Amino acid sequence: MHKENIIVDPPSNSIGRLRHRKRSNEVPAEVNKFDGSHLLVNNRGKYKSMLIRTYSSIWMIGGFIFIIYVGHLYIWAMIVVIQIFMARELFNLLRRANEDRQLPGFRLLNWHFFFTAMLFTYGRFLSQHLVNTVATDKLLYRLVSWLVKYQMFICYFLYTAGFVWFILTLKKKMYKYQFSQYAWTHMILLTVFAQSSFTVANIFEGILWFLLPASLIIINDIAAYFFGFFFGRTPLIKLSPKKTWEGFIGASITTIFFAFLLANVFGRFQWLTCPRKDLSTGWLSCDPGPMFKLEVHSWQGWVPQWYPWKEASIMPVQWHALAFGLFASIIAPFGGFFASGFKRAFKLKDFGDSIPGHGGITDRMDCQMVMAVFAYMYYQSFVMPQNFSIETILNQILRNLTLEEQHLLYMQLGKIIEERQFTLS
């Protein structure tokens, strides 16, 4: 008997899988369908999704209002918590469980770099406020002054320790994965902390300069969702198939209107307008300055005779708020488009699932990051007074001079004032 050579053909479906395997840089099929089928107005389950999203939004807005009420320091703490969640979601994007099991302690290294970057970012900024807080306690003042003086060196030492730690953990056949994680970690730190430093600066210049931009992004997001939900039929951009022109335009008009209105409301509360010069949590009281004082504008000659209101009281900050509203409605959404394209590159729907109906923390912060930087740049360029105030000079003295040098300065100023008084008399 002769043995027959039996050739078994592989199943046709496996050939199909081999021939049609997607490349890593291919856009998912659902993104290419730009025919309107993914719009919310055509989505059968949109009402269930809306209820989940609304419920989550109410809880988030309620918590946000409470944190604003308790003050500057707690708002900063909220920013830190948000950063930790964002870093966690972004660290997990390129993480592989199999490789991580072969690299014990590699995750801990990522967080070492994270907290080192946090100390570097916030250390110099918060040091002046910390000095003002403990200036009355001599021992604590010296300790804080020492930390302020050597803060940059401490951060450099911690980063160098992390760098050496990374080199010592390199393993053969894992180099590519480890170096990609190292680069990815540094990109995350740049993304997260570059904008958050501006956010914290806005908070201590006056809660209004944080609250108004953040509120406008929230209003724009909510308005875009509901305008797109009920009226959206014209797709806006391929990167985000559910975005529509109707939602974009409706949200823009709504955001600009509320920017002008909210600036007037927020500007009436000193708790929101006064800058915080220390890290205490006490109630604030200050001269609001001309930016938050009502000015009467007459409309005679511009409105018909039958129009009942011939004048209006407007704060100067409301005109600045219009610029915030324009940016929040036209430019800031591109932060969301960037995040959408980024997620498509990794075949992801959301960065996480920590917020029901919204995705992850990073999904809510994409536009906020762009807006925070703009708010800081705008405030420094067009709003902040250019002259040096007495408080600014005192802060510099407390921050940079020792107690002995401050006493010497006090004695010399006393002599100068006495000489001038004698000359005038």
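Source: prediction; values computed, not measured.
Of the possible polar contacts, none joining the T121 side chain to the M118 backbone as a donor-acceptor pair under 3.5 Å is found. With hydrogens and angles ignored, the 3.5 Å screen pairs a side-chain donor or acceptor of W184 with a backbone N or O of L90. At least one donor-acceptor pair closer than 3.5 Å links the side chain of N92 to the backbone N or O of R88. E311 places no side-chain N or O within donor-acceptor distance of the main-chain N or O of V296, the cut-off being under 3.5 Å. Using modelled atom types, one side-chain atom of H112 and one backbone atom of L158 make a donor-acceptor pair closer than 3.5 Å. Side chain of E89 to backbone of I361: a donor-acceptor contact under 3.5 angstrom is found. Panel note: side chain Q178, backbone T169; a donor-acceptor pair is recorded below 3.5 Å. A donor-acceptor pair under 3.5 Å is absent between the side-chain atoms of S196 and the main chain of T199, judged by distance alone.
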Walk me through it: do Y307 and W309 pass the test ring pair (Phe, Tyr, Trp, His ring centres under 6.0 Å)? CA-CA 6 Å; Y307 192 74; W309 296 282; 5.7 Å; yes

Determine, step by step, whether L190 and H186 satisfy the side chain to side chain contact (heavy atoms under 4.5 Å, CB included) criterion, reporting the C-alpha distance in whole Å, the side-chain angles of both residues, the deciding distance to 0.1 Å, and the verdict. CA-CA 6 Å; L190 178 64; H186 283 68; over 6 Å; no

Please determine whether ring pair (Phe, Tyr, Trp, His ring centres under 6.0 Å) holds for the pair H72 and W271, giving the CA-CA distance in whole Å, both sets of side-chain angles, and the decisive distance to 0.1 Å. CA-CA 10 Å; H72 303 69; W271 178 244; 5.5 Å; yes

I'd like to know whether M365 forms a side chain to side chain contact (heavy atoms under 4.5 Å, CB included) with Q83, so could you lay out the CA-CA distance, the side-chain angles of the two residues, the decisive distance to 0.1 Å, and finally the verdict. CA-CA 10 Å; M365 292 295 112; Q83 286 179 325; over 6 Å; no

Kindly determine whether Y122 and V80 satisfy side chain to side chain contact (heavy atoms under 4.5 Å, CB included), including the steps that lead there. CA-CA 10 Å; Y122 295 137; V80 171; 4.1 Å; yes

Stepwise side chain to side chain contact (heavy atoms under 4.5 Å, CB included) test for V200 and F210: CA-CA 8 Å; V200 176; F210 162 76; over 6 Å; no

Check the pair T234 / E246 against side-chain hydrogen bond (donor to acceptor under 3.5 Å, both in side chains), numbers first and verdict last. CA-CA 7 Å; T234 310; E246 291 82 1; 2.8 Å; yes

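Residue R268 holds its CZ atom at 5.0 Å from CE of M315, rounded to the nearest 0.5 Å. Atom CZ of F258 is separated from atom OG1 of T254 by 7.0 Å, given to the nearest 0.5 angstrom. Atom CG of L211 and atom CD1 of I68 lie 5.0 Å apart (nearest 0.5 Å). With rounding to the nearest 0.5 angstrom, the NE2 atom of H320 is 5.0 Å from the OH atom of Y378. From S57, atom OG reaches atom CZ of F64 across 13.0 Å, with rounding to the nearest 0.5 Å. In this structure, L239 CG and F337 CZ are separated by 8.5 Å, a value rounded to the nearest 0.5 Å.
Of all heavy-atom pairs between Q406 and I397, the closest is NE2-O, 3.6 Å. When every heavy atom of Q151 is checked against every heavy atom of L119, the shortest pair comes out as NE2-O, 2.9 Å. In terms of heavy-atom proximity, Q318 sits nearest to F260 at NE2-O, 2.9 Å. Summarising the geometry of I84 relative to W111, their closest heavy-atom pair is O-CH2, 3.6 Å, with the distance given to 0.1 Å. Residues A312 and W299 approach most closely at CB-NE1, 3.3 Å, considering heavy atoms. Residues K171 and L103 share a closest heavy-atom pair of CD-CD2, 3.9 Å.
When the side chain to side chain donor-acceptor pair (under 3.5 Å) test is applied to Y379, the partners found at least two apart in sequence or on another chain are E205.
The six-membered or imidazole ring of F179 lies away from that of Y175, with a centre-to-centre distance of 6.0 Å or more. Checked against the 6.0 Å centroid threshold, F163 and W165 do not count as a close aromatic pair.
With a 6.0 Å radius and a threshold of 12 heavy atoms from other residues, nucleotides or ligands, W319 has its CH2 atom above the threshold. Other residues, nucleotides and ligands contribute only 12 or fewer heavy atoms inside 6.0 Å of the CZ atom of F153. Under a cut-off of 6.0 angstrom, the local environment of CE in M152 is sparse, with at most 12 non-hydrogen atoms contributed by other residues, nucleotides or ligands.
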Per-pair distances, 0.1 Å, donor-acceptor, side chain in residues 282-291, under 3.5 Å, sequence neighbours excluded:
unit_1: S285; atom_1: OG; unit_2: Q270; atom_2: OE1; d: 3.3
unit_1: D287; atom_1: OD1; unit_2: G289; atom_2: N; d: 3.3

Atom pairs and distances, donor-acceptor, side-chain atoms in residues 324-335, under 3.5 Å, two or more places apart:
unit_1: S329; atom_1: OG; unit_2: G325; atom_2: O; d: 2.8
unit_1: S329; atom_1: OG; unit_2: L326; atom_2: O; d: 3.2

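Between F248 and W245, the two ring planes are perpendicular [angle over 60°; tilted spans 30° to 60°].
The side chain to side chain donor-acceptor pair (under 3.5 Å) pairs that include a residue from residues 367-376 number zero, where partners must be two or more places apart or lie in different chains. Applying the salt bridge (Lys or Arg N to Asp or Glu O under 4.0 Å) definition to pairs two or more places apart or across chains, those involving residues 51-75 are R53-D221. Applying the salt bridge (Lys or Arg N to Asp or Glu O under 4.0 Å) test to pairs two or more places apart or on separate chains, those with a residue in residues 353-363 are K343-D363.
Side chains of I79 and I203 form a contact here, defined as non-hydrogen atoms less than 4.5 Å apart. Side-chain contact between Y182 and L109: absent, with no pair of heavy atoms (C-beta onward) separated by less than 4.5 Å. Put simply, the side chain of S215 reaches to within 4.5 Å of the side chain of F266, judged on heavy atoms. Residues T244 and R233 fail the side-chain proximity criterion, which asks for heavy atoms closer than 4.5 Å. Annotation: side chain of I314 is not in contact with side chain of E295 (no heavy-atom distance under 4.5 Å). Using a 4.5 Å heavy-atom threshold, the side chains of F114 and F193 count as touching. Residues N264 and V317 form no side-chain contact, since every pair of their non-hydrogen atoms from C-beta on lies 4.5 Å or further apart. Side-chain contact check for D366 versus F338: every heavy-atom pair is 4.5 Å or farther apart.
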